[in-house]
> 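The following block contains the structure, expressed as structure tokens.
So that the names make sense, note that chain A is the first sequence line, chain B the second, and so on, each numbered from 1.
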Amino acid sequence: MGSQGGFYQSKEFLDLVKSIGEARSKAEEDRIVLNEIETLKRRISEPDIPKRKMKEYIIRLVYIEMLGHDASFGYIHAVKMTHDDSLLVKRTGYLAVTLFLNEDHDLIILIVNTIQKDLKSDNYLVVCAALNAVCKLINEETIPAVLPQVMELLAHPKEAVRKKAIMALHRFYQKSPSSVSHLVSNFRKRLCDNDPGVMGATLCPLFELIARDVNSYKDLVISFVSILKQVAERRLSKAYDCHQMPAPFIQIKLLKILALLGSGDKQASENMYTVVGDIFRKCDSSSNIGNAVLYECICCVSSIYPNPKLLESAADVISRFLKSDSHNLKYMGIDALGRLIKISPEIAEQHQLAVIDCLEDPDDTLKRKTFELLYKMTKSTNVEVIVDRMIDYMISISDNHYKTEIASRCVELAEQFAPSNQWFIQTMNRVFEHAGDLVNIKVAHSLMRLIAEGFGEDDDNADSKLRSSAVESYLRILGEPKLPSVFLQVICWVLGEYGTADGMFSASDITGKLCDVAEAYSNDETVKAYATTALIKIYAFKIAARRKVDMLPECQSLMEELLASHSTDLQQRAYELQAVIGLDAHAVECIMPSDASCEDIEVDRDLSFLNDYIQEAIEKGAQPYIPESERSGMLNISNFRNQDHHEASSHGLRFEAYELPKPAVQSRIPQALIASTEIVPVPEPMYPRESYQTTMPSIPSDAGSAELKLRLEGVQKKWGRPTYTPATSTSNSTSQKTVNGTSQGDGASTVSSMRETYDSRKPQVEVSHEKQKLAASLFGGSSKTEKRPATGHKAAKASSHMVEKSHVPKSSMEVASDKAASAQQPPDLLDLGEPTATSTALQLDPFKQLEGLLDTTEVASAVNGAPAASVSPDIMALYVDTAAGIHNKNDADLLSGLSNPSVTNMPGTTAMPQVTQSSSKRPNPKDSLEKDALVRQMGVNPSSQNPNLFKDLLG
Amino acid sequence: MGIRFILMVNKQGQTRLAQYYEWLTLEERRALEGEIVRKCLARNEQQCSFVEHRNYKIVYRRYASLFFLVGVDNDENELAILEFIHLLVETMDRHFGNVCELDIMFHLEKAHFMLEEMVMNGSIVETSKANILSPIQLMDKAS
């Protein structure tokens, strides 16, 4: 077939594409496109353009937009083209329209009519083209115009139409769930479609539906499991195979769905264990797609109700991923590890060195993923190392989006696990200094509140120490140039509030600094306002202490400037300062009490001080006030609005009478909340939080509540008690003990011994001392676990179980490492994920490589043939026959042939020896000759400027 | 949603095909393509084929002079997307025969038609090469 289509194209089009292809710079490309726009503007509106010519014009328009220029002048012609009788022209028209227009474009209304007509066409390809357009162009308002027809098409005899119709319905559901809520059952029906393509497509909408409402689909668990089983047993047509994996994309979708359905549901999960275990065993771990399915299995296993055997398989796969040379697999391994440690935290320790390697890898993607993992496994014991690393990394990157994210994570971890106040302040200083403008202002507020409220409620001494250290560090930091505004606000506030509190610094020191700040950041009004208020406080405290106030000259000049400021806010603050300075000590004490930022200001909500005034008014004949709730006959607007919101589904006018306002609306919400918390998985005893509550019932209730609302608000209470944080970690580990029958401490030591055996086997023993130290600090130094006295006796009790337990994982580990070692020896040719291995092998010995290629081809085709014969006649036989006809043996050979060049075309093999290239390709030189001839005819030849244009993608 | 966009870009950074599954204005597309292409082209071959960008990920793969970039949501299986790219290339290869950059440039609409069969609403809906190509072959025959 080749490029013969090219003969239908005009010289003009070929020239255009050629020149775009050869453009050396963006500027040159822009010039070509602008030129093209001028030409097309002139030509496209000429009368009587032949269809084929018009189609070409439209594709040229697509080029214009693709290269970043506006082609709106030609949209209408694309719309017109959708009316055409020729299928190819029509479909090109639809394609252009979907590329050009969004669903709210004015021209859509002109297309809806055509779509309606085409949906009724006898030619199923026309119907498909229209359904493609439906998926892209129909918006909420136009759904009703095509919905009835789409519904009819769900039963169309052609499977391609049914598939597209189900996706159109899916689209409607995405756009406006309420408009198709009564039709959702169709998705369930299509799951039983006898075409695997339709069934596979139906999984997409079902996945979304289940994600929104798991409980309504629990009945489908059995069906999904049996479908997955049949897919895994190769009952589907071989047309869906990918590198000998049976329909992997369908498997992955099903595993995703099972993960949702099994989450926190023991009964549902138990149905899945067998099939997931089978897939773990059957998966070809040497191919990219096999690993994709394995990864999805891990995701599923870590989401459903835990099963020890599956967790073990998952851990095996993870360790294989992490030990791989491929960065892609390492990345997946780190991600999978992050999922699994939620259930079995102890597995992180086996991989500590691999994790640290990834952390120090120059590959940014891998590094980020590893930070994500560290974030998930932060505890009070390793918080310092992790947060330090995170901040260092944060400073080194320039991507603001990620900087913001990592800054807020640092803050979160610091608030949750800070080991000491000093460390906390220092950490926050670093975060603010380097990413101050990126962090949420709330973080600044909570820091101020933290410093104000103090940490130990009963230890004033510690609080004031903390404040002095904060003041001291801030005065030092103020010397730095260009601090972020948010940070300055915090500094000013703290200096104002506590700058002179401990008597270390004099008022003039502090006020001098504050004036400097106001001057240095003179175009930041917020900072200036904070500085002024801080000045007010400093002077007020001094007056209250009955000492003489003498204003610094720079302070005076600042005041004069602010008194005349354009900002009313600054002006007011300046006047307030002036007024305060003029007051006597007693008055100042009342308006500016020292260290009173935490005092509650009592607000008199009843406004009782107005009672006299009201009484007087009523006596004079005014109407008394009737509270809102007691007013009758008046529409309760807020209630009404709520209802309206709930019933937004029904558009247009409502003809039934309005219901009476329901006072129950508000009480309904909390009920719903309660209900939803009940839905949330409770029974996992392995999750630290639940078990923590069960094993430590005697914990004071206030500490328990602090534990529950850790984030931002109220966090300081949690880490305020230096004794409390360690207590959590110990209680965590004890709870695991009771649940697993293994202690964390003991588990760690066995694990480490296992690791040692493994390490000795590995050739590279020279793990640097530094790395090990880092590992120890991150993972809590597995071998020398300091057992806390509180956990000691429990650990001893549990150790007897441990003896029995420990040898099981050990042996499995050995097997795994053996496997890994043997797998590493021959360079794995089919593994797409490992470009480095193949490319180095190639450089070594191209001929050996060639032999390997041929071998695998034979093996591959043999494997291909075998299962086809063993397909048993079954319900699923329906699936098989459809594509079997098209997919003959020749095809299968081509396929396996293809899978090999795909290895060689991995990045890095451009310098591949000629021998391999020619032999690994399919033997059709005729094809390339033809292409060459065509190309020459067009006047583009490989020796011209851009030879890459001719390079086969799979070569 | 899953897949947000599919781009084919050559190693000079010139767009060869762009398909978006959520609407972006022309300016947004231009900015996005510039940003991510710069990011991906700067990476070497040993590094991951994945790049995190804002709140989504890009999975990319290079074939000769052409980069295939797929923007996906964060919960998408990266290796599967990598395989999807390969499937796309294999499909094009089956149709064009030793597909190269010029084939895609001269038959832009066909490349799009293949994508239309494979991906709808940002989800992968068809992975059988025969099913993907049959409507295109039928159309070729008819015209």
Side-chain angles (χ1 to χ4, degrees), chain A residues 1-3 5-6 17 21 29 59 62 66-68 70 86-88 92 95 102 125 128 132 135 163 167 170-171 197 201 204 239-240 242 249 252 288-289 291-292 295-296 327-328 331-332 363 365-366 368 401 835-836 883 886-887 898 902 905 907-908 927-928 948-954, chain B residues 10-11 14-15 17-18 23 26 29-30 45-52 54 62-66 77-80 82-83 86-87 89-90 92-93 95-103 105-110 112-113 116 120-121 123-131 135 138-139 142-143:
Chain A
M1 166 163 331
S3 300
V17 170
E29 186 187 278
I59 293 172
V62 171
M66 184 177 84
L67 297 172
D70 177 51
S86 152
L87 175 60
L88 183 62
T92 310
L95 171 70
N102 72 347
L125 290 173
C128 285
N132 280 336
C135 283
K163 182 173 66 192
M167 291 315 281
H170 174 215
R171 176 66 170 178
C204 306
Y240 291 91
C242 256
F249 290 95
I252 288 172
N288 179 58
I289 189 65
N291 286 326
Y295 167 78
E296 208 56 58
H327 271 82
N328 286 349
Y331 177 94
M332 302 312 271
D363 185 349
T365 307
L366 200 52
R368 277 187 199 186
H401 181 82
T836 48
I886 315 160
H887 199 79
L898 254 181
S902 66
N905 67 45
D927 217 26
S928 25
N948 282 318
L949 289 170
F950 299 90
K951 207 169 269 172
D952 291 346
L953 295 179
L954 281 168
Chain B
N10 73 5
K11 65 177 185 201
Q14 295 159 316
T15 311
L17 180 146
W23 181 256
L26 207 56
R29 293 176 186 205
R30 224 152 92 172
E45 289 141 8
Q46 275 76 49
Q47 293 179 325
C48 294
S49 316
F50 324 127
V51 178
E52 286 175 27
R54 296 180 195 277
R62 184 181 160 173
Y63 288 88
S65 60
L66 210 54
N77 183 331
E78 291 91 342
L79 292 179
L82 214 53
E83 196 59 34
H86 191 66
L87 179 68
V89 175
E90 280 181 346
M92 291 198 296
D93 199 67
H95 184 73
F96 293 116
N98 298 334
V99 63
C100 68
E101 190 179 337
L102 266 186
D103 288 319
M105 292 183 76
F106 283 129
H107 305 280
L108 188 60
E109 77 280 14
K110 282 193 186 156
H112 269 293
F113 292 158
E116 280 183 342
M120 293 180 88
N121 308 341
S123 311
I124 299 171
V125 293
E126 185 56 74
T127 52
S128 145
K129 290 194 216 41
N131 285 357
L138 284 173
M139 257 193 303
S143 61

> Tell me, please, which residues at least two apart from A:N102 pass side-chain contact (heavy atoms from CB on, under 4.5 Å).
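By the side-chain contact (heavy atoms from CB on, under 4.5 Å) rule, A:N102 matches A:D104, A:H105, B:W23.
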> Heavy-atom distances under 4.5 Å only: say whether B:I124 touches chain A with side chain, backbone, both or neither.
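Contact with chain A: backbone and side chain both.
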> Where on B:R54 is there a heavy atom nearer than 4.5 Å to chain A: the side chain, the backbone, both, or neither?
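Backbone plus side chain of B:R54, per the 4.5 Å heavy-atom cut-off to chain A.
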> For the interface with chain B, which of A:N132, A:L88, A:D363 has the highest count of heavy-atom pairs at distances below 4.5 Å?
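Of the candidates given, the most pairs with chain B belong to A:D363.
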> Let me know if A:I252 has heavy atoms under 4.5 Å from chain B in its side chain, its backbone, both or neither.
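A:I252 touches chain B through side-chain heavy atoms alone.
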> With chain A, which of B:L26, B:V125, B:T127 has the greatest number of heavy-atom pairs at distances under 4.5 Å?
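Among the listed options, the one with the most contacts to chain A is B:L26.
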> Sort A:M66 into side chain, backbone, both or neither according to what part of it lies under 4.5 angstrom from a heavy atom of chain B.
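Contact with chain B involves both backbone and side-chain atoms of A:M66.
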> Given side-chain contact (heavy atoms from CB on, under 4.5 Å), test A:C204 with B:M120 step by step and report yes or no.
CA-CA 10 Å; A:C204 306; B:M120 293 180 88; over 6 Å; no
> Under the 3.5 angstrom rule, does the side chain of B:N121 hit a backbone N or O of A:M167 as a donor-acceptor pair?
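The answer is yes, because a donor-acceptor pair under 3.5 Å joins these two groups.
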> Select one option (side chain, backbone, both, neither) describing which atoms of B:A80 are under 4.5 Å from chain A's heavy atoms.
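For B:A80, the contact with chain A is made by backbone and side chain together.
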> Chain B heavy atoms under 4.5 Å from A:E296: which part of the residue, side chain, backbone, both or neither?
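Looking at A:E296, backbone and side chain both touch chain B.
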> Where on A:T92 is there a heavy atom nearer than 4.5 Å to chain B: the side chain, the backbone, both, or neither?
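It is both, since atoms from each part get that close.
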